[in-house]
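Numbered from 1 within each chain, the chains take letters A, B, ... in sequence-line order.
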Amino acid sequence: MPELPEVEVVRRGLEQWVSGRTITSVEVRHARAIRRHLAGPADFADRLIGRTFGPAHRRGKYLWLPVEDTGTSVLGHLGMSGQLLVQPAGAPEEPHLRIRVQFTDTRTPEAGGLGGTELRFVDQRTFGGLSLHTQVPGEPDGLPDAIAHIARDPLDPVFDEDAFHAALRRRRTTVKRALLDQSLISGVGNIYADEALWRSKLHYERPTATVTRPRSVELLGHIRDVLNEALAVGGTSFDSLYVNVNGESGYFDRSLDAYGREDEPCRRCGTPIRRRPWMNRSSYYCPRCQRPPVRRALPRRA
DNA sequence: ACAACGCCCTGAGGGC
DNA sequence: TGCCCTCAGGGCGTTG
């Protein structure tokens, strides 16, 4: 569920509440939560204790914190249901608490400090996790090598629009598959893909090879718009699973035009929105505004 | 090399 | 009431 806007909200929370703090203890409660850290839980903790977190960064749905003076970064992914929460150390444990990180600072929030709070990774479905990786040399932000293959996201100032269009045309696939391919464009998931396609009046099964340059420019514009609008209201929450570091939900679900609106009228033309099974999930679209691609007739055999 | 599929996982909700 | 089935779906390893 967390896509780029939701992850960015969490990144900002980490920047405010976790960056600059020095770690005293790391408790891994569920091994699956650090499965991408191949050296295991003890190694993960050993490498962090006594170290200090740098600024929080994000690419697509991944976020990371450089660990100062180590050439490594802690990488995080929320998966379907992951949460990074900053909680008072004495707060009751969440049912799906997976990792707990405590810090040295003792100055309380009332005294203008951050002391007395800890970082918790909570994850019901365990698709997410934390791990520690070597930084890619020459990358200024400490990009973890494990995500060097992840494309820049459309809100990144360095995102290459020309390269995106060229890659889209080169692919032999359909447009929604391409939007969800994080090596082509990152940060877009099922919700915002459906929203951007609805705004672009594009059917999810349109072959990428038929998307013209003006259409891909328009699509990219709608992707940026919908991501920015969601970010401005704190992201989308369908249930209580997605929250910021303070446990609060966003409000963008009230603004969705397609996703989750099966049988409700299209906000452009009134036609009931349809839901179709698609790659073990769902695609929501307006059957009138988003016409399916016309299949070219096969050449008639003699 | 590229495209597509299967699997990982748990809780909510529906049907009977 | 309780059980079983389906659904939610991001990313990666495997298969085609």
Ignoring hydrogens, what is the shortest heavy-atom contact between A:Q124 and A:S81? Give both atom names and the distance.
N-OG, 3.5 Å
Taking every heavy atom of A:E3 against every heavy atom of A:V188, the minimum-distance pair comes out as OE1-C, 3.8 Å
Please determine if a side-chain N or O atom of A:Q124 lies less than 4.0 Å away from the OP1 or OP2 oxygen of B:dT10.
no
Between A:D181 and A:R281, the residue closer to the 5' end of DNA chain B by nearest nucleotide is A:D181
Spacing of A:W278 atom CH2 relative to B:dA4 atom C1', expressed in whole Å:
11 Å
Verify the contact: side-chain N or O of A:R171 to OP1 or OP2 of B:dA3, cut-off strictly under 4.0 Å; return yes or no.
yes
For A:D194 and A:A258, which heavy atoms make the closest approach, and how far apart are they?
O-CB, 4.1 Å
Would A:E93 and A:R120 pass as an ion pair if we require N to O under 4.0 Å?
no
So, is A:H77 close to the C:dG10 phosphate, meaning a side-chain N or O under 4.0 Å from OP1 or OP2?
no
Tell me which nucleotide among C:dA8, C:dG11, B:dC9 gets nearest to the side chain of A:R32.
B:dC9
A:W198 six-ring face occupied by A:R268 cation (under 6.0 Å, within 45°):
yes
Examine B:dG11: is either OP1 or OP2 under 4.0 Å from a nitrogen or oxygen in the side chain of A:H96? Give yes or no.
yes
Find the distance A:M279:CE to C:dG10:P and express it as a whole number of Å.
10 Å
With the side chain of A:R177 defined as its heavy atoms from C-beta on, choose the nearest nucleotide among B:dA3, B:dG11, B:dC5.
B:dC5
Ring centres within less than 5.5 Å and planes less than 30° apart: is that true of A:F127 and C:dG10 in this structure?
yes
Using a cut-off of less than 4.0 Å, is there contact between a side-chain N or O of A:T173 and OP1 or OP2 of B:dA4?
yes
Short side-chain N/O contact to C:dC12 OP1/OP2 from A:Y62, under 4.0 Å:
yes
Short side-chain N/O contact to B:dC9 OP1/OP2 from A:H30, under 4.0 Å:
no
If you compare every side-chain N and O of A:S282 against the phosphate oxygens of C:dA8 (OP1, OP2), does one of them come in below 4.0 Å?
yes
Remember a base hit wins even if backbone is also touched, and classify A:R35 as base, sugar-phosphate or nothing at under 4.0 Å, heavy atoms.
nothing
